There are 2 protein chains.
Amino acid sequence: MAPVTMSDVARVAGVSVMTVSNVVNGRPRVSAETRLRVLEVVADLGYEVNLTAKRLRAGRTGTVALVVPRFDHPYFGELAGRFATLLGEKGLHLAVEQSGASREGELSAVSHARLHMYDGVILSVVGLHYDDVDRLRTDLPIVLLGEQVVPERFDHVMMANVEGARLATAHLLERGSRRVAMAGGTPSGPSTGASELRSEGWRAAHRDAGLEPPEDLLVPMPDLEAATAHRVVAEALARARERGALPDAVFAVTDQVSLGVRAALHDAGLRVPQDVRLIGFDDLGLVQHVPPGLSSVDPHNGWIVERATDLLLSRIAGSTEPPQHLVAPASIAARASTA
Amino acid sequence: MAPVTMSDVARVAGVSVMTVSNVVNGRPRVSAETRLRVLEVVADLGYEVNLTAKRLRAGRTGTVALVVPRFDHPYFGELAGRFATLLGEKGLHLAVEQSGASREGELSAVSHARLHMYDGVILSVVGLHYDDVDRLRTDLPIVLLGEQVVPERFDHVMMANVEGARLATAHLLERGSRRVAMAGGTPSGPSTGASELRSEGWRAAHRDAGLEPPEDLLVPMPDLEAATAHRVVAEALARARERGALPDAVFAVTDQVSLGVRAALHDAGLRVPQDVRLIGFDDLGLVQHVPPGLSSVDPHNGWIVERATDLLLSRIAGSTEPPQHLVAPASIAARASTA
DNA sequence: CTGAAAGCGCTAACAA
DNA sequence: TTGTTAGCGCTTTCAG
């Protein structure tokens, strides 16, 4: 039951460990017959390399981590899938880590010791404070993903939050909507997160159209879960209806929220798009299958993943270019919900 | 930029590496002043343990892997989130690995070398062949998740596939549906996967009700993606409509499929539940927000995760109990789609 | 083509 | 209380 090591193989095959190493790693200078004999013993004994030892020796782990706030959000699932595929093609291995909703979990996930296990880290900074990020070791290649304002010294790939939100809102206004609510929107303030930035885009689109942003149509939320959106929007609709001031369109800050909004509209007997148009943000694969087909802002995740991977790999390879701060393009995926 | 090691700290602090190790790991027998001096140097130099070395030495990694077929399926995201939380409470770290859709990817994910990095593995066997599983090393604690028939020697936690499907179908029949289609169902055959087992449950419910299972209402699918279900069911509905033989209910083999079915029904102008009742399987968090609220079989993921974690931890702790084969309870989460 | 020596960074065991 | 020795399993380097 004790693991079989190289020296076990070496002993049985009557060669040195080094020769076993050479055979196992397919290095050239080994005679065909020695190679054959070693491989036979390897198969016999069921030898397998000890990656930990290999890593200690190599000083590299061959693994990259993606740290996301939560495993159970489809957005991060899609992102992780893309990273895994791309990194796999480059011969690297992806481990996904959850930083958790709690601040504690986030700090532990980005703790130096844990990051030390990896050759590089792609870190989604949602929910991290500037100082937490600033405290990260700089001798480890790190690429930041997300919307926070982050220290200059890091490579950073972000979504076109303002522009995407502006496009979505303009899309609604162009189609004749005049009371465009924003689910998950926030009152004007310091632009720290996605909600704030996207709210800015919502305002910009109104101004572009010569309209005053209707701040009373911002519907803030404690979090961006579908269930929360469902509940909060249901309440907001009830109040609006009492006042006879229903919106004729909703821009949801994320597709998760859009889902909740869709449910609340359904419960309220409002048809999409006839009574209320609806558009979300993220273009999750599933929203096209939610009746009647939900429009969304496509944040070009493919682009984001490719750029982040390129940046990380070039850092791992030792690049000392000045840090890059990239913004992905955004476009509208128009579906029946905004027809 | 070269990483700071214990001996760096030791040299600067004027003590031995062992003392540094003792301080860093909070071991008792160190004088207060030595401890203080060492900690100061640690902070100064920005020393951090090298987990790889620690692991090589310890022979354990403190990390458990969850291997799932895909990152981008909400079901696995939910599962991973639960495991991460539970294992975190027990002081273990979870790394999630994607085995990929391809057989190649699956084999590489369960390759011995890769599993070697972990103290234990929770492996979702969807898509793996019996032989692949049988080839897994036995000197590593492994808990299998999923529906396959697997070698006896492994601990195995599975869903109540047959029973859950039977409950779902009975739920529809009880409400008066008489033409209950099964989206993603498969003709009778060897019960190897979830589709087959759930189709058996669908048959059992019919027989229990004294009905002949209407095999012509099985709608097979090449995969269980929402998009595939959307397309395949749309075609099936068109054909059924021509024949004047529409179903009055659909049991979808998974919630992903249920989503696609919902979309196809919508496109076909069929109302849920008035024209067609609909129920899925998995009880993903999001289905309650898909109009009109989709019923589903709750597979009790919490139970599954707890049992799997318990089994794994006791194996890691050295338990030599005979392997367990557990089946989770199942129940119906009834919502408006089957009202 | 093959092997011996050294050491990656850490800690258990023993010595002082 | 602190230090020394040895070695986890592997690979780089250099010698044969």
Side-chain angles (χ1 to χ4, degrees), chain A residues 1-39 41-42 45-63 112-119 139-140, chain B residues 1-39 41-42 45-62 112-119 137 139-140:
Chain A
M1 224 47 165
V4 181
T5 71
M6 269 193 183
S7 50
D8 294 326
V9 176
R11 193 166 11 78
V12 174
V15 296
S16 75
V17 241
M18 212 41 238
T19 299
V20 178
S21 174
N22 286 331
V23 169
V24 166
N25 291 283
R27 299 200 193 88
R29 294 139 184 284
V30 183
S31 75
E33 62 178 330
T34 306
R35 176 184 309 281
L36 219 62
R37 184 150 37 90
V38 169
L39 285 178
V41 176
V42 162
L45 267 47
Y47 166 75
E48 304 154 24
V49 290
N50 180 326
L51 282 186
T52 305
K54 193 173 198 146
R55 285 167 178 203
L56 175 58
R57 184 61 241 227
R60 309 181 323 99
T61 66
T63 299
H112 296 185
R114 235 159 98 179
L115 296 184
H116 216 317
M117 302 169 43
Y118 304 107
D119 290 346
D139 59 336
L140 178 74
Chain B
M1 225 45 167
V4 180
T5 71
M6 269 194 183
S7 50
D8 294 326
V9 177
R11 193 165 13 78
V12 174
V15 297
S16 76
V17 240
M18 210 43 236
T19 299
V20 178
S21 175
N22 285 332
V23 170
V24 166
N25 292 281
R27 299 201 192 88
R29 296 138 185 282
V30 182
S31 75
E33 61 178 330
T34 306
R35 177 185 307 282
L36 218 63
R37 185 152 36 92
V38 169
L39 285 178
V41 176
V42 163
L45 268 46
Y47 166 77
E48 304 155 22
V49 290
N50 180 326
L51 282 186
T52 304
K54 193 173 197 145
R55 283 166 179 203
L56 176 58
R57 184 61 240 229
R60 309 181 323 98
T61 66
H112 297 186
R114 240 161 93 178
L115 296 185
H116 216 316
M117 303 169 43
Y118 304 108
D119 289 345
R137 38 185 290 187
D139 58 337
L140 177 75

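Keep in mind that what you see is a predicted model, and the values were worked out from it rather than measured. In what follows, every chain begins at residue 1, and chains take the letters A, B, ... in the order their sequences are listed.
By the side-chain contact (heavy atoms from CB on, under 4.5 Å) test, A:Leu39 is found to be paired with A:Val23, A:Arg35, residues two or more places apart in sequence or in another chain being considered. For the side-chain hydrogen bond (donor to acceptor under 3.5 Å, both in side chains) test, residues two or more places apart in sequence or in another chain that qualify with B:Thr19 are B:Ser16.
The distance from atom CZ of B:Arg55 to atom C1' of C:dA12 is 19 Å, rounded to the nearest whole Å. One atom, CG of B:Asn22, and another, C1' of C:dT11, lie 9 Å apart when rounded to the nearest Å. Rounded to whole Å, the distance from CZ on A:Arg35 to C1' on C:dT2 is 13 Å.
In this structure, A:Ala53 and B:Leu56 approach most closely via the heavy-atom pair CB-CD1, 3.8 Å. Taking both residues in full, the closest heavy atoms of A:Ala13 and A:Val41 are given as CB-CG2, 3.7 Å, listed atom of the first, atom of the second, then distance. Heavy atoms only, all atoms of each residue included: A:Thr52 and A:Asn50 are closest at N-OD1, 2.8 Å.
Between the side chain of B:Asn25 and the main chain of B:Asn22, no donor-acceptor pair closer than 3.5 Å is present. B:Asp119 places a side-chain N or O within donor-acceptor distance of the main-chain N or O of B:Gly62, the cut-off being under 3.5 Å. Here the side chain of B:Ser31 pairs a donor or acceptor atom with the backbone of B:Thr34 at under 3.5 angstrom.
Here C:dA6 is the nucleotide among C:dA6, C:dG3, C:dG9 with the atom lying nearest to any side-chain atom of A:Arg57.
For residues 26-34 of chain A, proximity to DNA chain C is found at A:Arg29, A:Val30, A:Ser31, A:Thr34, defined as any non-hydrogen atom under 4.0 angstrom from a strand atom. Heavy-atom distances under 4.0 Å link DNA chain D to B:Val15, B:Ser16 of residues 6-16 of chain B, given in residue order.
You'll find the side chain of A:Val24 reaches within 4.5 Å of the side chain of A:Tyr47, heavy atoms only. Between A:Met18 and A:Arg27 the shortest side-chain heavy-atom distance falls below 4.5 Å. Contact of the A:Thr63 side chain with the A:Arg55 side chain is registered, since non-hydrogen atoms from C-beta on lie closer than 4.5 Å. Counting heavy atoms from C-beta outward, B:Arg60 and B:Lys54 have side chains that stay 4.5 Å or more apart.
Not one side-chain nitrogen or oxygen of B:Asn50 sits closer than 4.0 Å to the OP1 or OP2 atom of C:dC8. B:Thr5 has no side-chain polar atom (N or O) that falls below the 4.0 Å cut-off from OP1 or OP2 of C:dG9.
For B:Met18 and B:Ala58, each mapped to the nucleotide of DNA chain D holding its nearest heavy atom, the one lying further toward the 5' end belongs to B:Met18.
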- Task: Output, in order, the C-alpha distance, side-chain angles, deciding distance and verdict of side chain to side chain contact (heavy atoms under 4.5 Å, CB included) for A:Val42 and A:Glu48.
- Result: CA-CA 8 Å; A:Val42 162; A:Glu48 304 154 24; over 6 Å; no
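Reading DNA chain D from its 5' end, the first and the last nucleotide to sit under 4.0 Å from a heavy atom of chain B are D:dT1 to D:dG9.
For the helix from C:dC1-D:dG16 to C:dA16-D:dT1, the terminal axes (five pairs an end, C1' atoms, rotation from four pairs onto the next four) enclose an angle of 40°, given to 10 degrees.
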